[in-house]
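Worth knowing before you read on, the calculation uses all heavy atoms, side chains too, and leaves out hydrogens, waters and symmetry mates.
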Amino acid sequence: MLRKMENMTWLEMADAVKETDTVLVPIGAIEMQGPHLPLVVDSLAAQYVAEKVAEKTNTVLAPLINVGTSEWHKYFPGIISLSKTTLLEYLRDYCNSLVLNGFKRILFFSPHVINDDVIASVGLELREKGILVGSVNLWHISAEIVQNKNIEFEEKNFTHAGEIMTSVIMAIAPELVKMDKAETEYPRTPIPDTPFAGLHKLKYRDTSFSIFRFSNEETTSGSLGNPMAATPEKGQKVIDGWLEVIVPFVGEFQKCTDSTC
């Protein structure tokens, strides 16, 4: 049974916290995701997977946090972004409200990498109060899922608006994907012959360095990979792989005690 917090009465909420002290929090972003995907990609993925996990784990699903911090994409149209300071205060108040309701374990579903540091800061603050906070970054673990499950992707590593992301959104919300607009583009780095190695990272002489630039300095289309081989079937396999590992992890997360954690 899916227990969405915002759909409950206060009486139902009081009963739910008696049954479980664990709440799942999807958090995403509103930002460009290439020319073929909607701005809401991260939030879509977070909400969809958190709902599936909540149904299977007797946990409560908290309301989606739809806006995160997205300053890297500030020069593409469509961005709605909070500063890290604002997001920190927002998550602090949000999580303290969950604690006030009686929850002792909070697990974030966060596909958006730039939110992660803020989540970690709030998590450590709450740990001082005896609350256990965790997080799973869906896009980060997608490459591991692809490799561990031997899913046949041409793109072996996750890229922004690339094959993995596009496949997942085709499986979740195919009506929002515009493949006739899709483009393949790989990030431009400021030093010749240095491959892109992740957000702000490049490889120079097989060694990782960071140079901090905005995304419009690295891509014209908004794509940072090749979405052309994406299919909804591949996306569903990634989603199934996520659920296979996240559901048992939540079970272990619910068992953690002060002595083990």
Side-chain angles (χ1 to χ4, degrees), residues 26-29 31-53 56 70 72-73 76 109-116 135-189 194-203 206 208 215 218-249:
I27 178 172
E31 63 180 31
M32 81 86 183
Q33 304 285 358
H36 62 294
L37 294 175
L39 303 171
V40 73
V41 156
D42 290 333
S43 297
L44 274 177
Q47 177 77 15
Y48 185 87
V49 178
E51 283 188 7
K52 296 296 184 184
V53 174
K56 295 174 181 291
S70 299
W72 188 43
H73 297 305
F76 278 94
F109 285 67
S110 172
H112 183 58
V113 64
I114 308 177
N115 291 340
D116 289 351
S135 182
V136 55
N137 188 311
L138 299 175
W139 299 136
H140 271 190
I141 68 172
S142 61
E144 295 170 338
I145 297 296
V146 168
Q147 293 166 13
N148 293 341
K149 299 295 181 182
N150 294 315
I151 306 171
E152 293 190 8
F153 275 86
E154 294 182 16
E155 182 181 73
K156 300 305 179 186
N157 295 307
F158 174 81
T159 62
H160 185 85
E163 184 183 4
I164 293 174
M165 177 187 281
T166 302
S167 294
V168 168
I169 302 306
M170 290 174 82
I172 293 174
E175 72 281 4
L176 298 181
V177 181
K178 300 175 174 61
M179 286 304 292
D180 60 320
K181 302 292 185 183
E183 293 187 31
T184 298
E185 185 180 0
Y186 295 101
R188 301 184 297 269
T189 55
T194 56
F196 182 78
L199 180 63
H200 303 311
K201 290 182 172 57
L202 53 80
K203 282 290 184 80
D206 296 323
S208 295
S215 62
E218 298 178 350
T219 172
T220 300
S221 68
S223 290
L224 295 168
N226 182 1
M228 298 307 184
T231 69
E233 291 77 19
K234 292 178 183 178
Q236 188 60 52
K237 288 180 180 179
V238 173
I239 294 167
D240 291 343
W242 282 336
L243 296 177
E244 284 181 25
V245 294
I246 296 172
V247 168
F249 174 81

Would a 4.5 Å heavy-atom cut-off, applied to side chains only, mark [X] and [Y] as touching?
X	Y	answer
E144	V245	no
I164	K156	no
L176	L37	no
S70	H112	yes
V146	E155	no
H160	S215	no
V136	F249	no
I239	I172	yes

Rounded to the nearest 0.5 Å, what's the gap from [atom1] on [X] to [atom2] on [Y]? Could you check?
X	Y	atom1	atom2	result
F76	S221	CZ	OG	7.0 Å
M170	M179	CE	CE	5.5 Å
L202	T189	CG	OG1	6.0 Å
W139	M165	CH2	CE	5.0 Å
H36	E183	NE2	CD	10.0 Å
I114	H200	CD1	NE2	6.0 Å

Please name the pair of heavy atoms, one in [X] and one in [Y], separated by the smallest distance, quoted to 0.1 Å.
X	Y	value
S208	K203	OG-CE, 2.9 Å
P35	S223	CD-OG, 3.5 Å
P38	Q33	O-CG, 3.4 Å
D42	P111	O-CG, 3.3 Å
N226	T184	OD1-OG1, 2.7 Å
M32	G222	CE-O, 3.3 Å

- [ ] Step by step, work out the side chain to side chain contact (heavy atoms under 4.5 Å, CB included) result for F109 and E51.
- [x] CA-CA 10 Å; F109 285 67; E51 283 188 7; over 6 Å; no
Open item on the list: Taking atom CD as the centre, does E175 end up with more than 12 heavy-atom neighbours from other residues, nucleotides or ligands that are less than 6.0 angstrom away?
Closed with: yes
TODO: Would you check, one step at a time, whether the test side chain to side chain contact (heavy atoms under 4.5 Å, CB included) holds for F196 with T159?
DONE: CA-CA 11 Å; F196 182 78; T159 62; over 6 Å; no
Task: Polar side chain donor-acceptor pair, E185 to T219, under 3.5 angstrom - done: yes
Open item on the list: With side-chain contact (heavy atoms from CB on, under 4.5 Å) as the test, pick out the partner of L138 among Y48, F158, W242.
Closed with: W242
TODO: Under the side chain to side chain contact (heavy atoms under 4.5 Å, CB included) rule, what do S167 and K237 come out as? Steps first, then yes or no, please.
DONE: CA-CA 9 Å; S167 294; K237 288 180 180 179; over 6 Å; no
Task: Counterpart residues, side-chain hydrogen bond (donor to acceptor under 3.5 Å, both in side chains), relative to S135 (two or more places apart) - done: none
Open item on the list: Strictly distance-based, threshold 3.5 Å: is any side-chain N or O of E163 a donor or acceptor partner for the main-chain N or O of E154?
Closed with: yes
Task: N115 side-chain N/O to G28 backbone N/O, donor-acceptor pair under 3.5 Å - done: yes
TODO: Carefully, step by step, assess R188 and T220 under the rule side chain to side chain contact (heavy atoms under 4.5 Å, CB included).
DONE: CA-CA 9 Å; R188 301 184 297 269; T220 300; 3.2 Å; yes
